[in-house]
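Basis for what follows: all heavy atoms, side chains included, without hydrogens, waters or symmetry-related copies.
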Amino acid sequence: MRPVTAYATTGTLLALSLLAGSAVAPRPVAPEPTPLAAAPRLVAYDSCAAALAGLRAAATAAVGPWGFGPGWRTGMAFDGALPADAAARPGAAPPGGARAADGAAPEHSTTNSHEPGADEPDLVKTDGRRIVVVSQGVLRVVDAASRKVTGQLDLSAGDAERRWWPESNLLLHGDRALVLVRRAAPEVLPATERPADPGRPAAPDGPRLLLVDLAGRPTVVGTYRIEGSLLDARQTGATARVVVRTQPRLSFPYDERRTDAERTATNRAVIAKAGLDAWLPRYDWTADGAPHTGRVGCDRLSRPATGTGTALLTVLSFDLAARRLGDGDPVTVASDADTVYGTADSLYLAGGGGAGWRDGWGGMPRPGPERTDIFQFDTAGPGRPRYVGAGSVPGTLLNQYALSQWQGHLRVATTRSGSPSGTSESAVYVLARRGDRLTETGRVAGLGRGERIFSVRFLGGTGYVVTFRQTDPLYALDLTDPAAPRRTGELKINGWSAYLHPVPGDRLLGVGQEADDRGRAQGLQVSLFDVHDPARPARLARHHLPGNGSVAEFDPHAFLFDPATGLVALPLHTGGVRLLTVTERGITDVGAVAAPRGAVSRSLLVDGRLWTVADDGLAVADPATARGLAWLPWT
């Protein structure tokens, strides 16, 4: 067993205080924090025996006659592909990416990530000289200057249909690419991951990571896999941190002749006999062709006061500049989450506190308080992250856009379906870390009663929240005073914005759907909002494409904006990419870049040229005219 580290021993996470809500006031007084009854404090287990007892007890309390409820698969970890949500950051790198210097790579766009210094995995990356794409189990390297494929690596290892590889993403650092595969069948793994010894135990069933050397011919130099499902990853410098969710490997029998009480008792007996191997994730990795195996140790496991026995969260850390991946230096929490938010110095895991499988039913939800638990890790340095704080807020998150760290505070936007007013409503909470507590300093409540959040954007001391049911209220919030945040303005229009992106001149661009008076979608809508006066947000222009939509509505990695030219590129559901020019005064339609065959999923700029990514190739176009220049089919 590894020695217990100081941060795990001291149990450095405590709960967020939860306050009673009230109607929003023009200038609310900061309320006094009240401790939440179920505090998500993290503490380490004293021993493996204590860890096993705690996990058994939590699982026993949660199990019902049909196991742990929807999403549960007996005998293996949950394998649902949870989408790696992403968000966009304003002006990440001018213009729309990295700027060339003397002797440096040409100007190029970067992945549209939420925060500077926290890159997010995507299916395409570029450093200005080369474009690296992973699609359907194949990694390709394209030279941007010659527009030729200079390297190719088949990652699917004999899976003719490549059906297990459509959700691969990658991170890029220098001559190294880290490919993240959500799930791949054991029989179609690369040869480097297959056990040479027939007697060796089968590899863990879950996400796969492949470290690829791009210096010459693309070559896999290291692999890693761990039981569970991939939530998301973030990269700061050469350090990549990968978050994995694992469920216990328990097989519950089912006998329809028995009563619910008898089946529940049988399932509890299964839990009572299970060892730590049923919970703690196994992993293996290869380095220089040599296989290694491991399992998360008890000393790496912490729990909240109300820890779960039905899910574990593991954070892995990898140095992409190293020659191999290693064991990932794992840290694990006996809790659940569905949202990952990262900055250059922090990583947040959020979720797990909503209504769930609380006390015995298992197969049907027992309503519990809608709550989001948040765990914060310090990632300012390389290597293993350090627990620093935790808290809770009422309601549930839309995605990582609903979280924002700014000037020592965390802003959180949530929706409660069962609010004190008797209907759904949303709120923004401002939290500050005091010791190891994320404590509420202020809130703006009463947003969008009877509606739910469709998009959120925090920009410095200002926040924008879009709620929707039949119309689209855009709320502007002043968050400069963390003790007294307030709503400053509101704009109601038909339709909704599913993604918000800042543009120069105190403007905000919304990408979503137009809707009729009954709230029915009427096609893709791009709206330009004037937000220079927080009290009077106004829509200046819109562009409507009836009967259409864009993947950028729910995946901001598909959204491209160049602040130098105002270019916006939106992949369309009907094929191709729509190019727009956005200025402080309006939106101009440049034209459409046609897709030769497959649907386009991404766009990027390299040295003044627009590259579009489809499943069957790359296209090059002139962004000023939408005229096609070249087509590189995957052959």
Problem - Distance-only side-chain donor-acceptor flag, T310 / T308, under 3.5 Å - result: yes
Problem - Sidechain-backbone polar pair: R300 side chain, T332 backbone, donor-acceptor under 3.5 Å - result: no
Exercise for the section: Ignoring hydrogens and angles, tell me if any N or O in the side chain of S424 forms a donor-acceptor pair with the backbone of R452 under 3.5 Å. Expected result: no
Exercise for the section: Taking atom types as modelled, find out whether E120 and N169 have a side-chain donor-acceptor pair closer than 3.5 angstrom. Expected result: no
Exercise for the section: Find out whether L178 and L325 are in side-chain contact, i.e. whether some heavy atom of one side chain is under 4.5 Å from a heavy atom of the other. Expected result: yes
Problem - Enclosure of R295 CZ (heavy-atom neighbours >12, cutoff 6.0 Å) - result: yes
Problem - Under 3.5 Å side-chain donor-acceptor pair for T396 and T372 - result: no
Handout entry: Any side-chain heavy-atom pair of V428 and V456 under 4.5 Å
Key = no
Practice task
Please assess L55 against L301 for the test side-chain contact (heavy atoms from CB on, under 4.5 Å), listing each intermediate value before the final yes or no.
Solution key: CA-CA 11 Å; L55 292 169; L301 175 65; 4.1 Å; yes
Problem - Polar side-chain atom of T414 near backbone of P394 as donor-acceptor pair, under 3.5 Å - result: yes
Practice task
Go through the steps for R241 and D329 under the test salt bridge (Lys or Arg N to Asp or Glu O under 4.0 Å), then give the verdict.
Solution key: CA-CA 10 Å; R241 293 181 174 87; D329 204 9; over 6 Å; no
Practice task
State whether a side-chain donor-acceptor pair under 3.5 Å links S229 with R245.
Solution key: no
Exercise for the section: For the residue pair F468 and F454, categorise the inter-ring angle as parallel (less than 30°), tilted (30 to 60°) or perpendicular (more than 60°). Expected result: perpendicular
Exercise for the section: Kindly determine whether L280 and C298 satisfy side-chain contact (heavy atoms from CB on, under 4.5 Å), including the steps that lead there. Expected result: CA-CA 8 Å; L280 297 179; C298 309; 4.2 Å; yes
Handout entry: Contact check, side chains of V63 and F68, non-hydrogen atoms, under 4.5 Å
Key = yes
Exercise for the section: Please tell me if the side chains of L210 and L139 come closer than 4.5 Å, counting only heavy atoms from C-beta onward. Expected result: no
Exercise for the section: Go through the side-chain N and O atoms of S426 and T415 and say whether any donor and acceptor fall under 3.5 Å apart. Expected result: yes
Problem - From Q400, Q376, R234, residue fulfilling side-chain contact (heavy atoms from CB on, under 4.5 Å) relative to Y341 - result: Q400
Handout entry: Contact summary for L171 and A233, nearest pair of heavy atoms
Key = CD1-CB, 4.5 Å
Exercise for the section: I would like to know whether V340 and L349 meet side-chain contact (heavy atoms from CB on, under 4.5 Å); could you show each step before the answer? Expected result: CA-CA 5 Å; V340 177; L349 307 182; 4.0 Å; yes
Handout entry: Donor on one side chain, acceptor on other, R258 and T266, under 3.5 Å
Key = yes
Practice task
Apply the test salt bridge (Lys or Arg N to Asp or Glu O under 4.0 Å) to residues R371 and D373: give CA-CA distance (whole Å), side-chain angles for both, the deciding distance (0.1 Å), then the verdict.
Solution key: CA-CA 6 Å; R371 187 188 74 202; D373 293 339; 2.8 Å; yes
Practice task
Of all the heavy-atom pairs spanning P385 and F377, show the shortest one and how long it is.
Solution key: CB-CB, 3.8 Å
Exercise for the section: Using atom types as modelled and distance alone, determine if a side-chain donor or acceptor of T286 lies under 3.5 Å from a backbone N or O of T223. Expected result: yes
Handout entry: Polar side-chain atom of S550 near backbone of P571 as donor-acceptor pair, under 3.5 Å
Key = yes
Practice task
Using the six-membered ring wherever Trp is involved, compare the ring planes of W285 and H292 and label them parallel, tilted or perpendicular (cut-offs 30° and 60°).
Solution key: parallel
Problem - Interatomic distance, T236 atom OG1 to D345 atom CG [nearest 0.5 angstrom] - result: 8.5 Å
Exercise for the section: Any chance you could lay out the side-chain contact (heavy atoms from CB on, under 4.5 Å) test for F375 and Y387, step after step, and finish with the verdict? Expected result: CA-CA 8 Å; F375 300 95; Y387 300 125; 6.0 Å; no
Exercise for the section: Examine Y283 together with Y224 and report whether their ring centres are nearer than 6.0 Å. Expected result: yes
Fill in the blank from the handout: Between H557 and R602 the two heavy atoms that sit nearest each other are O-CD, 3.3 Å
